[in-house]
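The first residue of the sequence shown is numbered 1, and numbering continues consecutively from there.
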Amino acid sequence: MPRPDTRRPRRHLLTGVLLAALTLPLTLTAPSSPASATATPARGSAYMGMGVVAHDGQGGLPADNRAAQTEGVDVSSHQGNVDWPKLWSSGVKWAYAKATEGTYYSNPYFAQQYNGSYDVGMIRGSYHFATPDTTSGATQADYFVDRGGSWSPDGRTLPGALDIEWNPYGDACYGKSQSAMVTWIRDFLNQYRARTGREAVIYTATSWWAQCTGDYAGFAAATPLWIARYASTVGPLPAGWSNFTMWQYTSTGPTVGDHDRFNGAFDRVVALAGG
């Protein structure tokens, strides 16, 4: 009796395995790129000006006018340990370091940044990245003051700054109506004043302020404005403010990317620190 041919099934089996091996990697790897492009950043990673380029774009740089405006920088954990002597020798005279975000994050590099700037001779301050969707303004003000955001009358410490801008983790206005956002900001400012005796600085962008507060003008009389605009001129200011105190004008400056101008000579920086 002839022996059955057992080779054909093996050949079909081998072909099937090879086809599966060739097609499987394509199926697994194709979806990965879109997911990574739209990933939400980790909580705590936000920094001053994080949304400026995406929402307002960027243009040229302002003319060098250091006789009338004093150079500064702002830093957060993504800069790590900062070379303060290099910045000081380049003409930077004041600095703000991120201290906190929400009620869940403290900058692990804060001591090096806050004290390091002071040690080389700069006037220094700290800022809080607001997350109005997580806890109240008063609660976040307390968290900030208790973790580096306080003020001391030593002539070298600037009042704390409230960084209120586009939400990097979701809805631009943190899910709040314009009136609710104004109330949140007021609660933060009131609690900061009650704890420190100083008016906090407001850092914001004009377009965000119009969108998320309805261009509210009620804080301008007492609150210093730190405006964000990456261009050769500061542009229009939020309602109520006729002048800015500080201007973040670029995120691509030397040594530390985020560079700022104080609207006045160095003695005006000292005056703000002194209260």
Polar contact flag, side-chain donor to acceptor under 3.5 angstrom, Gln140-Thr100: no

Between Tyr192 and Glu199, a side-chain donor and acceptor under 3.5 Å: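 Note: Tyr192 and Glu199 side chains miss the donor-acceptor criterion.
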
Residues that, via side-chain heavy atoms closer than 4.5 angstrom, fall in one hydrophobic cluster with Tyr118: none

Stepwise side-chain contact (heavy atoms from CB on, under 4.5 Å) test for Val52 and Gln58: CA-CA 8 Å; Val52 171; Gln58 59 184 334; over 6 Å; no

Check against ring pair (Phe, Tyr, Trp, His ring centres under 6.0 Å), Tyr96 and Trp226: CA-CA 12 Å; Tyr96 269 83; Trp226 189 348; 4.8 Å; yes

Of all pairs that satisfy disulfide bond (SG atoms under 2.5 Å apart), the ones with a partner from residues 175-273, not counting sequence neighbours: Cys173-Cys212

All pairs passing disulfide bond (SG atoms under 2.5 Å apart) where residues 124-166 contributes a residue, at least two apart: none

Nearest 0.5 Å, what's the [atom1]-[atom2] distance between [X] and [Y]?
| X | Y | atom1 | atom2 | answer |
| --- | --- | --- | --- | --- |
| Trp166 | Met50 | CH2 | CE | 12.5 Å |
| Trp151 | Thr157 | CH2 | OG1 | 8.5 Å |
| Asp215 | Leu237 | CG | CG | 10.5 Å |
| Lys176 | Ile185 | NZ | CD1 | 10.5 Å |

Geometric class of the Phe219/Trp209 ring pair [parallel <30°, tilted 30-60°, perpendicular >60°]: perpendicular

From Phe188, Tyr105, Tyr143, residue fulfilling ring-ring contact (aromatic ring centres under 6.0 Å, His included) relative to His128: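 So the option named by the test is Phe188.
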
Minimum heavy-atom distance Met48-Tyr127, with the two atoms named: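 Shortest heavy-atom contact: N-OH, 3.0 Å.
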
Nearest heavy atoms of Met122 and Leu87, plus distance in Å: CE-CB, 3.9 Å

Contacts table for residues 262-275: side-chain donor-acceptor under 3.5 angstrom, sequence neighbours left out:
residue: Asn263; atom: ND2; partner: Phe244; partner atom: O; Å: 3.1

Donor-acceptor under 3.5 Å ([X] side chain, [Y] main chain):
| X | Y | answer |
| --- | --- | --- |
| Gln79 | Ser76 | yes |
| Thr131 | Thr134 | no |
| Glu101 | Ala130 | no |

Counterpart residues, salt bridge (Lys or Arg N to Asp or Glu O under 4.0 Å), relative to Arg186 (two or more places apart): none

Set of residues satisfying side chain to side chain donor-acceptor pair (under 3.5 Å) with respect to Thr139, sequence neighbours excluded: Ser136

Derivation and outcome, side-chain contact (heavy atoms from CB on, under 4.5 Å), residues Met246 and Tyr203: CA-CA 9 Å; Met246 291 170 276; Tyr203 167 96; over 6 Å; no

Criterion side chain to side chain contact (heavy atoms under 4.5 Å, CB included) against Ile227, the qualifying member of Thr206, Ile202, Asn243, Thr245: Thr206

